[in-house]
Undergrad: 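Pasting a structure below so you can have a look.
Predicted model only: the values in this text are computed from it and were never measured.
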Amino acid sequence: MKKSLFAALAEALACTEISSKLRLTAALAADWQADKLDWQNQPAVALACGIPAKPELIPPKEVPTRNISTPEGRARLLHAIVHIEFSAINLALDHAARFRDMPRQYYADWVGVAAEEAYHFTILRERLLTLGYDYGDFPAHAGLWQMAEKTNHDALARMALVPRLLEARGLDATPPIQRKLEQCGDHESARLLDIILHDEIGHVGLGDRWFRTLCTARQLAPESTYRQLLNDFKAPRPSAPLNESARLAAGFSASELAELRPARL
């Protein structure tokens, strides 16, 4: 008898111990690939996001500025990205666990993303360790998860405002960060961000695809609906400069990017 996909997702999501969460996420992805998990007619399960004791979570505005010309400043920057990747594991697990009655491919997509985010977390954490620090050594913020909580009621809003909005902002932020790291001589960290950027285009693309699929099912115009959701949720807007090539690859249209450029908002 197959195990429940949703029970496995809930277990991985709720886990607070980092190595155990990584292990459970890898096992979940392997079981899914081996067709050992049943995603149909499964009982409801309670969902809770497991947050480790460290790092300390503080409001975004209280996160200290980072001078990346110093070793500690570069470690703080890398720590912030490691934290985003850890949050992204939980987000992908929650995307899959929370919304029922979706096509099988929806669950396949987000289970796969959870495994990729766990890989990103692992390689970036290993890089942070080479700098003499570990995940949890600096404060972080929970902005990504807060938006997930606000969109718990609706898969369409979730796809729009987490992968298609907040994670897409990461596409914009990564090239300038890479340039700064290169200028400081930290070529290895910049190289790792190439891996992250490549994969994150795909993750944002999945959010775009499922957002558009849900809009079609509800007979909504995707791009105007997206702008309306930004207003309804008082969501943070894209900031300059947009990584237009990455966003186009992820599914945004040229006309939509013209509307989303910061000068137009």
Undergrad: Flag the pair K3 and D38 as a salt bridge only when some basic side-chain nitrogen lies within less than 4.0 angstrom of an acidic carboxylate oxygen.
TA: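 Here K3 does not pair with D38 in a salt bridge, since their nearest N and O are not under 4.0 Å apart.
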Undergrad: Is there a donor-acceptor pair closer than 3.5 Å between any side-chain N or O of T70 and the backbone N or O of N67?
TA: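 Pair found, side chain donor or acceptor close to backbone of N67.
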Undergrad: May I ask you to decide if C49's main-chain N or O and N90's side chain share a donor-acceptor pair within less than 3.5 Å?
TA: no
Undergrad: So, for D172 and S239, which heavy atoms are closest and what is the spacing to 0.1 Å?
TA: OD2-O, 4.3 Å
Undergrad: Classify the ring geometry between Y107 and F6 as parallel (under 30°), tilted (30 to 60°) or perpendicular (over 60°).
TA: perpendicular
Undergrad: Side chains of D94 and W145: is there a donor and an acceptor less than 3.5 Å apart?
TA: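 Checked: D94/W145 side chains show no N/O donor-acceptor pair below 3.5 Å.
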Undergrad: Quick one: does E200's side chain have a donor or acceptor within less than 3.5 Å of a partner on H203's backbone?
TA: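 Flag not set: sc E200 to bb H203 has no pair under 3.5 Å.
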Undergrad: Between I89 and L57, is there a shared hydrophobic cluster once you connect ILVMFWY residues whose side-chain heavy atoms come closer than 4.5 Å?
TA: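 No: no chain of side-chain contacts under 4.5 Å links I89 to L57.
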Undergrad: Side chains of R169 and P236: closer than 4.5 Å at any heavy-atom pair?
TA: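 They are in contact (side-chain heavy atoms under 4.5 Å apart), so the answer is yes.
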Undergrad: So which of R125, R127, K54 actually passes salt bridge (Lys or Arg N to Asp or Glu O under 4.0 Å) with D134?
TA: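 In the set R125, R127, K54, the residue that makes a salt bridge (Lys or Arg N to Asp or Glu O under 4.0 Å) with D134 is R125.
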Undergrad: Parallel, tilted or perpendicular: which describes the rings of F99 and Y106, with under 30° parallel and over 60° perpendicular?
TA: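 It falls in the perpendicular class, over 60°.
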Undergrad: Side-chain heavy atoms under 4.5 angstrom apart, residues restricted to Ile, Leu, Val, Met, Phe, Trp, Tyr: same cluster for I123 and F86?
TA: yes
Undergrad: May I ask whether I58 and L144 are part of the same hydrophobic cluster, defined by side-chain heavy atoms of I, L, V, M, F, W, Y residues being less than 4.5 angstrom apart, directly or through others?
TA: no
Undergrad: Would you check if R74 and L78 make a side-chain contact, meaning some heavy-atom pair closer than 4.5 Å?
TA: no
Undergrad: Tell me whether I84 shares a hydrophobic cluster with V63, the cluster being built from Ile, Leu, Val, Met, Phe, Trp, Tyr side chains joined at under 4.5 Å.
TA: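 No; V63 is not reachable from I84 via cluster members.
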Undergrad: Quick one: which of L24, L93, L37 gives a side-chain contact (heavy atoms from CB on, under 4.5 Å) with L9?
TA: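 Going through the options one by one, the only one that passes is L93.
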Undergrad: Rounded to the nearest 0.5 Å, what's the gap from CZ on F211 to CE on M159? Could you check?
TA: 11.0 Å
Undergrad: Are R218 and D154 within salt-bridge range, i.e. N to O under 4.0 Å?
TA: yes
Undergrad: Is it the case that one hydrophobic cluster holds both I195 and L171, taking links as side-chain heavy atoms less than 4.5 Å apart, direct or via other members?
TA: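 Same hydrophobic cluster.
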Undergrad: Give a yes-or-no answer on whether the side chains of S87 and E85 include a donor-acceptor pair shorter than 3.5 Å.
TA: no
Undergrad: Compare every heavy atom of Y226 with every heavy atom of R164, then report the nearest pair and how far apart it is.
TA: O-OH, 3.0 Å
Undergrad: Check whether any side-chain heavy atom of R237 lies under 4.5 Å from a side-chain heavy atom of L230, and answer yes or no.
TA: yes
Undergrad: Salt bridge between E72 and R76, side-chain N to carboxylate O under 4.0 Å?
TA: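 Here E72 pairs with R76 in a salt bridge, since their nearest N and O are under 4.0 Å apart.
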Undergrad: Quick one: are E223 and E259 in side-chain contact, heavy atoms under 4.5 Å?
TA: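 No, their side chains stay 4.5 Å or more apart.
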Undergrad: If you define the side chain from C-beta out and look only at heavy atoms, does anything of L128 sit under 4.5 Å from L124?
TA: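 Of all side-chain heavy-atom pairs linking L124 with L128, none is under 4.5 Å.
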Undergrad: Ignoring hydrogens and geometry, is there a side-chain-to-backbone donor-acceptor pair from R104 to W39 under 3.5 Å?
TA: no
Undergrad: Can any side-chain N or O of H83 pair as donor or acceptor with the backbone N or O of H79 at less than 3.5 Å?
TA: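 Pair absent, no side-chain N/O of H83 close to backbone of H79.
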Undergrad: Can you tell me which residue pairs pass the salt bridge (Lys or Arg N to Asp or Glu O under 4.0 Å) test with a partner in residues 174-184, sequence neighbours excluded?
TA: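 Passing the test, one end in residues 174-184: no pairs.
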Undergrad: Compare all side-chain heavy atoms of Q178 with those of R191 and state whether any distance is below 4.5 angstrom.
TA: no
Undergrad: Considering residues at least two apart in sequence or located in another chain, which fulfil the side-chain contact (heavy atoms from CB on, under 4.5 Å) criterion with E244?
TA: L242, L257, R261
Undergrad: Check the orientation of Y135 and F121. Use parallel for under 30°, tilted for 30 to 60°, and perpendicular for over 60°.
TA: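 Correct class here is perpendicular.
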Undergrad: Under a 3.5 Å cutoff, is there a donor and acceptor pairing between the side chains of D199 and H120?
TA: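 The answer is yes; a qualifying pair exists.
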Undergrad: Any donor-acceptor pair under 3.5 Å linking the side chain of T151 with the backbone of M147?
TA: yes
Undergrad: Going through the distances and angles, do K2 and D31 end up as a salt bridge (Lys or Arg N to Asp or Glu O under 4.0 Å)?
TA: CA-CA 10 Å; K2 293 182 181 180; D31 284 349; over 6 Å; no
Undergrad: Looking at R227, R212, R247, which hits salt bridge (Lys or Arg N to Asp or Glu O under 4.0 Å) with E256?
TA: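 So the option named by the test is R212.
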Undergrad: Contact between P139 and P55 at the side-chain level, heavy atoms closer than 4.5 Å - yes or no?
TA: no
